[in-house]
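Some notes on the structure that comes next.
Just so it is clear: chains get the letters A, B, ... in the order the sequence lines come, proteins before strands, and each one is counted from 1.
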Protein chains: 2
Amino acid sequence: MSGQAAVSFHQRIYGDIERRVLTGELRPGDRIPSEHELMAVYGCSRMTVSKALTALAAAGMIERRRRAGSFVARPRIERTVMEIQDFAVEAARAGRSYAYRLLARRIEPLAEPEGSAFPVPAGTEVLRLDGLHQIDGVVMALERRSVMLDAVPHARDTDFTTTAPGRWLLQQVPWSDAVHVISAGLADAATARLLGVDKGSALLILDRETRQTALTITQVRLIHPAALYRFVGHFNPGNG
Amino acid sequence: MSGQAAVSFHQRIYGDIERRVLTGELRPGDRIPSEHELMAVYGCSRMTVSKALTALAAAGMIERRRRAGSFVARPRIERTVMEIQDFAVEAARAGRSYAYRLLARRIEPLAEPEGSAFPVPAGTEVLRLDGLHQIDGVVMALERRSVMLDAVPHARDTDFTTTAPGRWLLQQVPWSDAVHVISAGLADAATARLLGVDKGSALLILDRETRQTALTITQVRLIHPAALYRFVGHFNPGNG
DNA sequence: TAGTGGTCTAGACCACGGG
DNA sequence: CCGTGGTCTAGACCACTAT
């Protein structure tokens with residue numbers, strides 16, 4: 001009766017739930033079957049179910065509340081890297097005003113494989129969004145974003161004139177993973193004008209490509225005036 | 001028989017071992033008592049001990065091997081951020097040559113609270129090390145480091161003329177945590193000359209302050225030519 | 001081969017908190 | 001109240017591997 005399929009019982013339960021979360025079948029806030037229900041489903045003891053759910057909670061994928069049950073957590077990326085990039089939240093914390101201003105919006109077929117090489121079917125349509133993040137009227141970042149419309153078709157009908165697409169996308173696409181590249185550069189004339197800095201001044205640039213199960217959702221480049229922005233990260237041996 | 005001290009049994013075991021690792025009483029590679037030994041020490045069942053050790057392993061603090069036992073793991077920071085910064089490893093992987101060249105070495109009392117504000121007792125002596133990281137003869141980074149000699153007294157007698165201090169320090173000080181700040185800037189004349197780039201070119205700068213239990217070990221600034229270096233990070237909801 | 005971790009059980013009592 | 005998770009037990013068998 002013991003599992004012998006090269007993968008242990010609790011690992012199978014863990015993997016099943018993880019997959020359902022990653023694919024979006026279970027979305028943030030959704031309830032996960034209780035331990036007793038999972039005992040019946042998998043035909044194992046409560047300890048084994050508990051081990052899987054405890055590990056999922058430790059990994060930040062679910063949250064468990066007594067009497068209420070277990071629920072899919074919000075993606076951790078929203079709580080770490082995004083916190084650095086969520087200007088609205090930053091501004092609110094500091095008691096300052098935040099505004100997003102859309103500069104350009106267009107839909108075009110994806111022709112040139114710009115930026116990093118990522119596998120996209122030919123003919124894919126992409127929504128290009130350029131905008132400025134301003135705090136107290138000062139431009140903190142120029143955002144140049146591409147949204148793959150086959151991955152997020154709802155974006156086609158969404159108005160981004162005052163709503164930053166970052167948060168909107170996080171609500172639309174559950175549980176993604178992302179590659180971040182941080183680099184530096186110099187402001188050309190056009191960028192300098194948009195950011196309100198001198199031509200030739202230093203820029204801090206964050207490129208992020210967000211995927212969901214090998215499917216690219218969005219690519220974004222956030223261009224910050226080096227004088228106004230830094231990335232701060234805390235690392236310890238336990239949580240990376 | 002049951003723990004009632006507001007903290008559960010496995011949490012106490014977890015915390016005890018964690019503390020011994022963080023304080024350096026247990027160092028990377030050291031063996032942790034076996035589950036049976038810990039059962040006797042704490043007077044609890046093997047499942048409870050196992051829960052604590054499994055959690056420590058999941059957190060990356062220990063590694064468990066059948067028949068051999070459980071051992072203190074190498075700090076994760078060495079496996080993530082350091083991998084990006086360990087030029088010797090990067091060069092070896094790419095089949096290219098690596099060299100570290102010491103530019104300056106001096107010991108001085110810590111007077112000005114340079115860089116970030118960190119609490120250091122007055123009169124603390126600090127070892128200043130400036131050096132260049134070169135790959136195939138090209139300068140990839142200028143490193144400016146401060147080592148707190150009361151935290152790492154052995155550094156006073158160590159020769160850093162060809163050995164990069166980063167790896168050496170990792171071996172000396174087990175299990176630290178660190179704050180990273182990534183920024184951008186422009187090369188002044190002196191920096192440009194050392195890096196072999198034009199004055200006014202873009203720089204990518206990483207500042208890292210490494211601590212151990214609230215005691216600062218070392219501060220380092222790695223200054224990269226923006227054209228030669230980027231930071232790449234992979235994030236997913238599970239591992240942050 | 002023997003010691004170690006990996007897994008699992010079939011219960012139990014307790015703490016919390018929503019209804 | 002009572003369903004949920006949190007914790008714990010006293011075993012058991014198995015898999016791996018250092019010796």
Side-chain angles (χ1 to χ4, degrees), chain A residues 1-18 20-21 26 28-74 76 238, chain B residues 1-18 20-21 26-74 238:
Chain A
M1 51 230 17
S2 65
Q4 66 282 60
V7 54
S8 63
F9 233 129
H10 71 266
Q11 282 174 335
R12 182 181 159 205
I13 301 173
Y14 184 107
D16 283 354
I17 296 176
E18 182 186 48
R20 293 171 65 189
V21 170
L26 289 172
D30 284 356
R31 190 175 186 281
I32 284 174
S34 73
E35 295 187 349
H36 276 97
E37 290 168 333
L38 289 172
M39 283 173 62
V41 170
Y42 287 95
C44 65
S45 74
R46 186 174 159 230
M47 273 296 289
T48 304
V49 171
S50 175
K51 184 164 189 171
L53 295 187
T54 300
L56 282 164
M61 188 161 291
I62 68 173
E63 292 175 358
R64 316 192 72 193
R65 294 197 296 274
R66 283 179 156 116
R67 167 65 200 189
S70 299
F71 302 85
V72 179
R74 305 194 69 87
R76 179 177 294 189
Chain B
M1 44 282 321
S2 65
Q4 65 282 60
V7 54
S8 64
F9 235 130
H10 72 266
Q11 282 175 335
R12 183 183 158 201
I13 301 173
Y14 184 106
D16 283 353
I17 296 176
E18 181 186 48
R20 293 170 65 188
V21 170
L26 289 171
R27 302 173 63 88
D30 283 356
R31 191 175 186 281
I32 285 174
S34 73
E35 294 187 349
H36 275 98
E37 290 168 332
L38 289 172
M39 282 172 64
V41 170
Y42 287 94
C44 64
S45 74
R46 186 174 158 230
M47 272 296 289
T48 304
V49 171
S50 176
K51 184 164 190 171
L53 295 187
T54 299
L56 283 165
M61 188 162 288
I62 69 173
E63 291 174 358
R64 315 193 71 192
R65 295 199 297 274
R66 283 179 158 121
R67 166 65 200 193
S70 299
F71 303 86
V72 179
R74 305 195 68 87

Looking only at C:dT7, D:dC8, C:dT4, the nucleotide nearest the B:Ser34 side chain is C:dT4
Which nucleotide in the list D:dA10, C:dG6, D:dT4 gets nearest to the side chain of B:Ser45?
-> D:dA10
Can you check the B:Phe9 CZ to D:dC8 P distance for me, whole Å?
-> 7 Å
Determine whether A:Ile13 and A:Cys44 make a side-chain contact, defined as any pair of heavy atoms from C-beta on separated by less than 4.5 Å.
-> yes
Divergence of helical axes at both termini of the helix from C:dT1-D:dA18 to C:dG18-D:dC1 - five pairs an end, 10° steps = 10°
Taking all non-hydrogen atoms of both residues into account, name the closest pair between A:Tyr14 and A:Ala59 and its distance.
-> OH-CB, 3.5 Å
Would you mind reading off the distance between B:Arg64 atom CZ and C:dG3 atom C1', rounded to a whole angstrom?
-> 14 Å
Can you pull every protein N or O that's under 3.5 Å from an N or O on nucleotides 15-19 of chain C?
from: C:dA15; atom 1: N3; to: A:Arg66; atom 2: NE; distance (Å): 3.3

Round to the nearest Å and state the distance from A:Tyr14 atom OH to C:dG6 atom C1'.
-> 17 Å
Residue pair A:Tyr42 / A:Phe9: nearest heavy atoms and the distance that separates them = O-CZ, 3.4 Å
Shortest non-hydrogen contact between A:Arg64 and A:Ser50, atoms and distance | NH1-O, 4.3 Å
4.5 Å side-chain heavy-atom contact, B:His10 and B:Met47 | no
Minimum heavy-atom distance between B:Phe71 and B:Arg65, given as atom pair plus value = CE1-NH2, 3.4 Å
Which pair of non-hydrogen atoms, one from A:Pro28 and one from A:Ala73, has the smallest distance, and what is that distance?
-> CB-O, 3.9 Å
Just checking A:His10: base, sugar-phosphate only, or nothing, at a heavy-atom cut-off of under 4.0 Å?
-> sugar-phosphate
Atom-to-atom span, CE of A:Met39 to C1' of D:dG6 - whole angstrom | 15 Å
Report which part of the nucleic acid A:Thr54 touches: base, sugar-phosphate, or nothing (heavy-atom distance under 4.0 Å, all strands).
-> nothing
Would you give the length of the straight line joining atom CE of B:Met61 to atom CG of B:Leu53, rounded to the nearest 0.5 angstrom?
-> 12.5 Å
Looking at B:Lys51, does any N or O in its side chain come under 4.0 Å of the phosphate oxygens OP1/OP2 on D:dT7?
-> yes
Which residue, A:Thr48 or B:Glu35, contacts DNA chain C at a nucleotide closer to its 5' end, judged by nearest heavy atom?
-> B:Glu35
If only side-chain N and O atoms of A:Ser70 are considered, is one of them under 4.0 Å from the OP1 or OP2 phosphate oxygen of D:dT4?
-> no
A:Leu38 CG to A:His36 NE2 distance, which is reported to the nearest 0.5 Å = 11.0 Å
Taking CZ from A:Arg12 and P from C:dT7, how many angstroms apart are they, rounded to a whole number?
-> 16 Å
Within the distance-only criterion (no hydrogens, no angle test), does the side chain of A:Arg74 pair as donor or acceptor with the backbone N or O of A:Gly29 below 3.5 angstrom?
-> no
Between A:Gln11 and C:dG6, does any side-chain N or O lie under 4.0 Å from OP1 or OP2?
-> no
Taking only N and O in the side chain of A:Ser8, is any of them less than 4.0 Å away from OP1 or OP2 of C:dT7?
-> yes
Atom pair distance, as rounded to whole Å: CD1 in A:Ile62 and P in D:dT4 | 15 Å
Length of the line joining B:Arg46:CZ and D:dC8:P, which is rounded to integer Å | 16 Å
Just how far, in rounded Å, is P of D:dT4 from CE of A:Met47?
-> 19 Å
